[in-house]
Amino acid sequence: MPRTFQGDALEHALRTARVDLPAERIEIVRDTAESVYAMLDQLDTLELGETPPATALNARWE
């Protein structure tokens with residue numbers, strides 16, 4: 001089930017982030033943000049198995 005911004009949730013998020021948008025752009029941003037959330041939700045379906053967290057990386061390039 002895709003995530004959506006209900007009611008004035010997007011407007012509240014924009015105010016919190018101090019992003020001042022004209023009213024005619026809010027619907028464009030709503031559609032874009034919901035598309036981004038849909039892509040992020042697809043990442044939850046990936047089977048990562050026993051992938052260690054990035055904090056366990058010990059890169060030794062030197």
Side-chain angles (χ1 to χ4, degrees):
M1 179 174 188
R3 288 189 255 181
T4 59
F5 288 96
Q6 301 297 321
D8 70 340
L10 179 62
E11 290 85 349
H12 177 74
L14 290 170
R15 281 192 309 272
T16 301
R18 297 181 182 168
V19 175
D20 188 25
L21 282 180
E24 62 271 7
R25 301 240 4 235
I26 290 179
E27 286 307 311
I28 296 169
V29 170
R30 180 184 312 276
D31 293 341
T32 302
E34 289 175 355
S35 296
V36 169
Y37 275 124
M39 287 186 273
L40 291 173
D41 288 340
Q42 287 180 352
L43 293 175
D44 289 336
T45 64
L46 295 176
E47 182 59 45
L48 298 179
E50 296 296 321
T51 304
T55 57
L57 177 67
N58 185 5
R60 296 175 188 236
W61 291 302
E62 297 177 358

**Student:** Specify the closest pair of heavy atoms between T45 and Q42, including all atoms of both residues, with the distance to one decimal.
**Tutor:**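 For T45 and Q42, the tightest heavy-atom pair comes out as OG1-O, 2.5 Å.
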**Student:** Are M39 and I28 connected in a single hydrophobic cluster, I mean Ile/Leu/Val/Met/Phe/Trp/Tyr linked by side-chain heavy atoms less than 4.5 Å apart?
**Tutor:** no
**Student:** If every non-hydrogen atom of I26 is compared with every non-hydrogen atom of L14, which pair is closest and at what distance?
**Tutor:** CG1-CD1, 4.3 Å
**Student:** In Å, rounded to the nearest 0.5 Å, how long is the span from OG1 of T16 to CD of E11?
**Tutor:**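 One finds 11.5 Å between OG1 of T16 and CD of E11.
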**Student:** Starting from V19, can I reach V36 by hopping between I/L/V/M/F/W/Y residues whose side chains sit under 4.5 Å apart?
**Tutor:**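 In one cluster with V36: V19, yes.
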**Student:** Taking side chain to side chain contact (heavy atoms under 4.5 Å, CB included) as the definition, give me every residue that meets it alongside T4, ordered by chain and number, with sequence neighbours left out.
**Tutor:** Q6, E34
